[in-house]
Number of protein chains: 2
Amino acid sequence: MDKPATIRDVARVSGVSVGTVSRSLNAPETVRPGTLGKVRAAIQQLGFQPDSRAQNMRRRNTMTVGFVIDDIANPWHASCFKAVDAEMRQRGYSLYLMSTNGRAAEEAAAIDMLQHGRADGMIMTINNEQDARTIKRLKELRVPSVLLDRDIPLDIDAVLTEHATGLRQATSYLIELGHRRIAIITAGSDIRPGRERVRGFIEAFQRSGLPVPEDLIRSQSLSVDFGFREATALLQMPERPTAIIAAGNRILVGVLRAIQQQGVSVPQDISLIGCDRSDVALLYPGPITLIDRPVEEIGRTAAQLLLERLGGHSDRPAQRIAFPTQLIMGGSCLPVPKR
Amino acid sequence: MDKPATIRDVARVSGVSVGTVSRSLNAPETVRPGTLGKVRAAIQQLGFQPDSRAQNMRRRNTMTVGFVIDDIANPWHASCFKAVDAEMRQRGYSLYLMSTNGRAAEEAAAIDMLQHGRADGMIMTINNEQDARTIKRLKELRVPSVLLDRDIPLDIDAVLTEHATGLRQATSYLIELGHRRIAIITAGSDIRPGRERVRGFIEAFQRSGLPVPEDLIRSQSLSVDFGFREATALLQMPERPTAIIAAGNRILVGVLRAIQQQGVSVPQDISLIGCDRSDVALLYPGPITLIDRPVEEIGRTAAQLLLERLGGHSDRPAQRIAFPTQLIMGGSCLPVPKR
DNA sequence: AACAGAAATAGAAACGTTTCCAGAATAGTC
DNA sequence: GACTATTCTGGAAACGTTTCTATTTCTGTT
């Protein structure tokens, strides 16, 4: 009784065949105006809306894309999602959001889930480029996908950031301010941002002909906790660093927490550089000097790469597009006082 | 050639009927161990995975739920999403995230989209409780849903916050510190949080027998921009307020931006109370005193209400569950100096 | 008015699964 | 070993749409 009307009901009421109803919906220019009118009237009368489950079944797609990240509470990911969503939505796609909490098992489950007709493609930032389980999943991927800021030797599109250049720039800036004891806290070498950032950091010292402060390189994770732990340790060192680069926006949160707890002031007691434009960084009194990257453009590009493949031009080889960073001067860095 | 195997292929290879294969997957206890073995072997061999599009079609569900909010970059929404996701995922559901940017048209489109078989249910925070278009959509809703922090006279489950009590408490606290010129910036009366917060604010003054500072009530929108605009105006008043309650976590961001721009210091020049635990509020030197609410519990509750309905017990009347707030003391409020 | 060619429509098959029903195989009882 | 009761299985229908083919209807020309 309350059952939703089907295309069959519409056909019956308007006195045409189901095929014609379908064409009225999907290719109205191929149906005569008179017929179209009758069909539309029936649709109106019955309040008919095509059932997308049946459409998905028959068309063999879902107009859905998966967005897989570790944590949507990371504001960078949220902004990126919005950019991707805006681009995809205007082409009729909806997004599944899968927040994997950084657990490999959930990541693998997310990828599996999006296979087999649940989604037409995916955009993702995986947690570990070396994780065998994830790599295997990616290799067997049946749907087009785009990696965000990750680098895997497979034929998969990727949108990257020029982290090395960004870090070199930031580090050189601190060196010019007279800093020598500069610390970097960032991801491990299991993901590209970790590797590249450390590389840029080291390069800056080498180019200046200065020794690399190996003991101040903390490269392991992008988490708040890691940032907090390492910043706490660094601040308690006998020969404390004069500057910290929190290379990761969650790390910055951890570092600020440590700074708050230790009662240290920025920039008087220590200089600080963060990553990614965020409310925390921009509103922190100073504000915090940042290595920024164009998140909207990155998201939009990822969406476009995916849309190309979804459009059927899946023949081209994988593309890797890298975006530059920009050092945004805040007030969180001071020259090292002469002594 | 590369076509994914179907249940038919599995049936052929294992020498049983398709019905038996289906039952091997969905009710293995009803098939004999020997048969089950053969079927599983064939599944393994063919790398078969059931096509969810076909399952959705036949089962008339999608194991998918829509999460509709105005902006996922709002950290409260992100946390809420995570709580909902965790709860739903463990019951096999995935979430569509629809970020409507506060536009009624996108909101209506999102609701429409999730109908007609795209999702089995939805959880949402609509932008305007009076918007006719949205109300109409909600009234005709074919899928179970839960409102987050919104109050609409329809038979829909809702999870709410006791904003009035929270605001009364916060305002009373400021009054006890000697503040009289207290400003509140919050949502408009078109949504429950706006109405309730203003109500609590007014009640606090009334209970203290003090006149309500009507000129300091700015109730219109939850946006960053509104917070910025109103805070800027308030700070430039001849008789500037001695305290501001930024009643909305995005509003707080706008207020802090204004405070930064005007070169005002918290709490020396002005006392400040924010809403919702967030990195910005917790890391801002002080930190900022907050009216908090249990976001995880709220998200979990919303998910549970929805799951109940999805489980088929859709006969019970709509429930409205409200959660209390908690005043978290930071360091952003000072007593008003005697003069 | 007859015809050819084009345009529009009807009808059926197909997409891959679940589920129902009838019938076959098995187990249990005497 | 025959019978009944039970468990399992095969086969077909169904879910609601799109798309293909064949047929009908229309348009324009003679």
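Residue numbering restarts at 1 for every chain, and letters A, B, ... go by the order of the sequence lines. Only heavy atoms go into these numbers, but all of them, side chains included; no hydrogens, no water, no symmetry mates.
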Categorize R8(B) for me: base, sugar-phosphate, or nothing, with a 4.0 angstrom heavy-atom threshold over every strand shown.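 Result for R8(B) = base.
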Look at all strands and tell whether N56(A) reaches a base, only sugar-phosphate, or nothing, counting heavy atoms closer than 4.0 Å.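 Nothing, no nucleic acid heavy atom in range.
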Rounded to whole Å, how long is the line connecting atom [atom1] of [X] with atom [atom2] of [N]?
X       : N       : atom1 : atom2 : value
F48(B)  : dG16(C) : CZ    : P     : 10 Å
N26(A)  : dT17(D) : CG    : C1'   : 9 Å
D51(A)  : dT18(D) : CG    : P     : 10 Å
L46(A)  : dG16(D) : CG    : P     : 14 Å
H116(A) : dT17(C) : NE2   : P     : 11 Å
N61(A)  : dC15(C) : CG    : C1'   : 12 Å
M57(A)  : dA14(C) : CE    : P     : 13 Å
R53(A)  : dA14(D) : CZ    : C1'   : 14 Å

Any side-chain donor paired with an acceptor under 3.5 Å for [X] and [Y]?
X       : Y       : result
E107(B) : N127(B) : yes
T62(B)  : D120(B) : yes
Q115(A) : Q49(B)  : no

Residue met sooner reading DNA chain D from 5', once L36(B) and Q49(A) are mapped to nucleotides: L36(B)
Using 30° and 60° as the class boundaries, would you call the ring planes of Y96(A) and Y96(B) parallel, tilted or perpendicular? parallel
Can you tell me which nucleotide in [options] comes closest to the side chain of [X]?
X      : options                   : result
Q55(A) : dG16(D), dT17(C), dT18(D) : dT18(D)
R32(B) : dC8(D), dT17(D), dC15(D)  : dC8(D)
A54(B) : dT9(D), dG16(D), dT17(C)  : dT17(C)

Contacting residues from residues 12-22 of chain A, given that a heavy atom lies under 4.0 angstrom of DNA chain D: G19(A), S22(A)
Salt-bridge present (E296(B), K82(B); N to O < 4.0 Å):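 Not counted as a salt bridge, because no side-chain N and carboxylate O are separated by less than 4.0 Å.
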According to a strict under-4.0 Å criterion, is R60(B) in side-chain N/O contact with OP1 or OP2 of dC15(D)? no
Looking at R23(A), does any N or O in its side chain come under 4.0 Å of the phosphate oxygens OP1/OP2 on dT9(C)?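 It does, given that an N or O in the side chain of R23(A) lies less than 4.0 Å from OP1 or OP2 of dT9(C).
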Would one find more than 12 heavy atoms of other residues, nucleotides or ligands at under 6.0 Å from atom CZ of R91(B)?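 Not buried by this count: 12 neighbours or fewer within 6.0 Å.
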Should the side chain of R58(A) and the base of dT17(D) be counted as holding a donor-acceptor pair, with the cut-off at 3.5 Å? no
Could you tell me which residues satisfy side-chain contact (heavy atoms from CB on, under 4.5 Å) with Q55(B), sequence neighbours excluded, listed by chain and number? P50(B), S52(B), R59(B)
